[in-house]
Colleague: 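Before I ask anything, here is the structure I am working with.
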Amino acid sequence: MRIHTFEVPGPLPLLDHDPEIVWISPGHALAGFGVAARIEPGTGPDRFNRAEQAFTGWLGGQQLVDDFPGGGPIAVGSFTFDAFSSGSTLVVPRVTLGRRGDCWWVTTVDGADYHPLLHPAGTSDRPTDRPRYAGSSMPDVLWLDAVAAALAEIEAGRLDKVVLARDYAVWSRVPFDRRRLLRRLSERFPECFTFLVEGLVGASPELLVRKHGMAIESVVLAGSSRRSPDPAEDEQLGKALLASEKDHREHEPAADSVRRVLADACSRLESNQEPELVTLANVMHLATRFSGRLAGHYSALELVKRLHPTAAVGGQPTDTALDLIKALEGMDRGRYAGPVGWTDRRGDGEWAIALRCAELSGARARLFAGAGLVAGSLPEDELEETRVKLLAMQEALGG
Amino acid sequence: MSRLEQWDAALLESLQASPGETMSLEEMASTTGISRPLLEALAREGLLVPRTPGRFDPTDVAAVKAGLALVEGGLPLGELLELARRVSEAMRPVAAEAVDLFARFVRDAVEAKASSPEETADGLVRAFRAMLPAAGQLVSSHFATLLLAEARRRLVAADPSR
């Protein structure tokens, strides 16, 4: 088969034709149509390597024609949070529309027809409904007890931090419109990574790793505060977050876990010494930004494997936290809190953590939200934090 | 009230249950089977108010159980807590005003009619004991009426032929 990548005049209507695959980040945008290859790497910590090997193997049998410098086929994937849950996938679309900076390009596999995709389509007038509550894997009154049980483990000194999540199922009288959801998310959170991979839709603020050549970047977000419509109060909330001991206790293990992994793979690694404030539409976070130069030829997916799960979604120490999550959460996270992103044939790529997301399946959806627990956390505050996060997603899903 | 009169002291005493009648959260959890973390959260949120530090009135158990009945009926706890916080905030000034009304119209009038401090104290305690449950009844049945009216309004709006 022949895989052809070429530049086209932009802008392209990425979302108009209801792509099955979407990735929108500040620097990149991808929209994928049809499936040329679908890789299921199975379970286990090596699922990342197996996915990459399968992608490279598949590419080996293709004839690659690149008329776009640095272009070529891209695989977009999402991986389960738990190494032993099934559902990890990497997909190579038959047609990919892409943007890098101001350049627009198209990749086709085996001469797939891409012409109709270049033209804007009229806006849909599909009927809409609202997200309707269907229940949770664990009623939140029991989730509160689970949070208290986790905090007791922290108080007893068995771990420093654990992230507990809960899910929230919704349904609708008509299928959810993923296109509208993606538009809303990318407009409301332009600084986030908006994604759609096999029904998993979301807008994540958290860059797990970006690799271009030998350069890598990563951003750790942990510790957060609500925002206020009143600018003076908003500024106060920001200052309070920067000064909050509890939030620093939540942030530091997350930053440390990423620093350790990256330092091991890099010849040079820089980061801000003190966490800085990152402000999104509905929430603000403490952030540590890393940038570095790799000491060897590590692929983006190899780095993902080493980084996942960071303390921003698991805890510290990791293994104790994962055991506790398994014992207390009462659900399978699926691909929530797992890596989501893309990779190319050079092993470059951009991977985020699938937070602020929903698993869409026709007229049903499963939403997720989590909260990081450290000494000093209060169960009712964590319940409220997840409630507010779930509301934001329901709002984005609304008619 | 600028200073505590003798009869106010009697009223205050009757408001405070004796220690034997209060219970700790631990005791409340073990007698009701309601989870300790939930009771602690309710206390921190100001939805369970201790009579004396760390000691709660056994009658509060009924309110917690009523809340749990709503959760069992399907309301998520998180949403219910948020509503409870707002109700609590909205009711606080109303409660202050009601106490003020009691002071102006009951306390002062009882005092005017009484012939001795003991009689004032007695009259106040009796009035308070009769009026507190009445106030509770008034608020709860009014809220039930509002709930029904709102539900009816929505159902009718959905089908005006009814």
Side-chain angles (χ1 to χ4, degrees), chain A residues 129-156 162 164-171 173 226 246 328 330-331 366-371 373 376-395, chain B residues 24-50 53-54 56 60-90 92 147 150-151 154-155 157-159:
Chain A
D129 187 30
R130 60 192 167 84
R132 298 160 183 267
Y133 182 57
S136 295
S137 292
M138 179 189 269
D140 64 352
V141 65
L142 296 181
W143 191 79
L144 186 92
D145 289 348
V147 169
L151 287 169
E153 295 290 304
I154 292 171
E155 298 298 333
V162 63
L164 283 193
R166 60 190 183 99
D167 66 357
Y168 188 99
V170 294
W171 64 282
R173 293 202 197 282
R226 70 183 175 93
K246 184 226 148 202
L328 292 176
M331 65 167 188
R366 188 177 172 219
L367 321 184
F368 301 89
L373 313 180
S377 300
L378 294 175
E380 63 275 21
D381 292 352
E382 307 306 323
L383 180 63
E384 180 61 9
E385 183 179 330
T386 53
R387 192 185 73 88
V388 169
K389 284 177 177 170
L390 288 168
L391 273 180
M393 200 63 196
Q394 288 170 76
E395 206 178 287
Chain B
S24 67
L25 287 184
E26 182 95 60
E27 287 158 352
M28 204 185 274
S30 66
T31 55
T32 61
I34 298 166
S35 93
R36 176 91 191 266
L38 176 58
L39 292 174
E40 285 170 351
L42 293 175
R44 279 191 300 262
E45 291 280 345
L47 300 171
L48 256 181
V49 184
F56 295 80
D60 288 343
V61 168
V64 176
K65 282 190 170 164
L68 276 182
L70 297 182
V71 169
E72 270 153 32
L75 285 187
L77 176 70
E79 315 291 333
L80 190 58
L81 281 179
E82 171 57 14
L83 192 60
R85 275 180 216 116
R86 278 167 37 210
V87 168
S88 185
E89 209 168 294
R92 221 175 288 267
L147 275 183
E150 175 63 17
R154 290 194 188 196
L155 292 171
D159 181 4

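Sequence lines set the chain letters: A, B, ... in the order given, protein chains first and strands last, and positions in each chain run from 1.
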Colleague: Roughly how far, to the nearest 0.5 Å, is the CD1 atom of Ile34(B) from the CG atom of Asp145(A)?
Modeller: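 Interatomic distance, Asp145(A) CG to Ile34(B) CD1, rounded to 0.5 Å: 11.0 Å.
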Colleague: To the nearest 0.5 Å, what is the distance between CG on Leu81(B) and CG on Leu144(A)?
Modeller: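 It comes to 7.5 Å.
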Colleague: Are more than 12 heavy atoms, taken from residues, nucleotides or ligands other than Arg36(B), located less than 6.0 Å from that residue's CZ atom?
Modeller: yes
Colleague: Determine the minimum heavy-atom distance between Ala41(B) and Glu380(A), stating which atoms define it.
Modeller: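 Heavy-atom minimum between the residues: CB-OE1, 3.4 Å.
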Colleague: Check whether more than 12 heavy atoms from other residues, nucleotides or ligands sit under 6.0 Å from atom CD of Glu150(B), and answer yes or no.
Modeller: yes
Colleague: In Å, rounded to the nearest 0.5 Å, how long is the span from CZ of Arg44(B) to CG of Asp381(A)?
Modeller: 8.0 Å
Colleague: Is there a side-chain contact between Glu45(B) and Glu384(A) (heavy atoms, below 4.5 Å)?
Modeller: no
Colleague: Using non-hydrogen atoms only, which part of Leu68(B) is less than 4.5 Å away from chain A: side chain, backbone, both, or neither?
Modeller: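 Interface part for Leu68(B): side chain.
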Colleague: Out of curiosity, Leu383(A) CG to Glu82(B) CD, how far, rounded to the nearest 0.5 Å?
Modeller: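 Interatomic distance, Leu383(A) CG to Glu82(B) CD, rounded to 0.5 Å: 10.5 Å.
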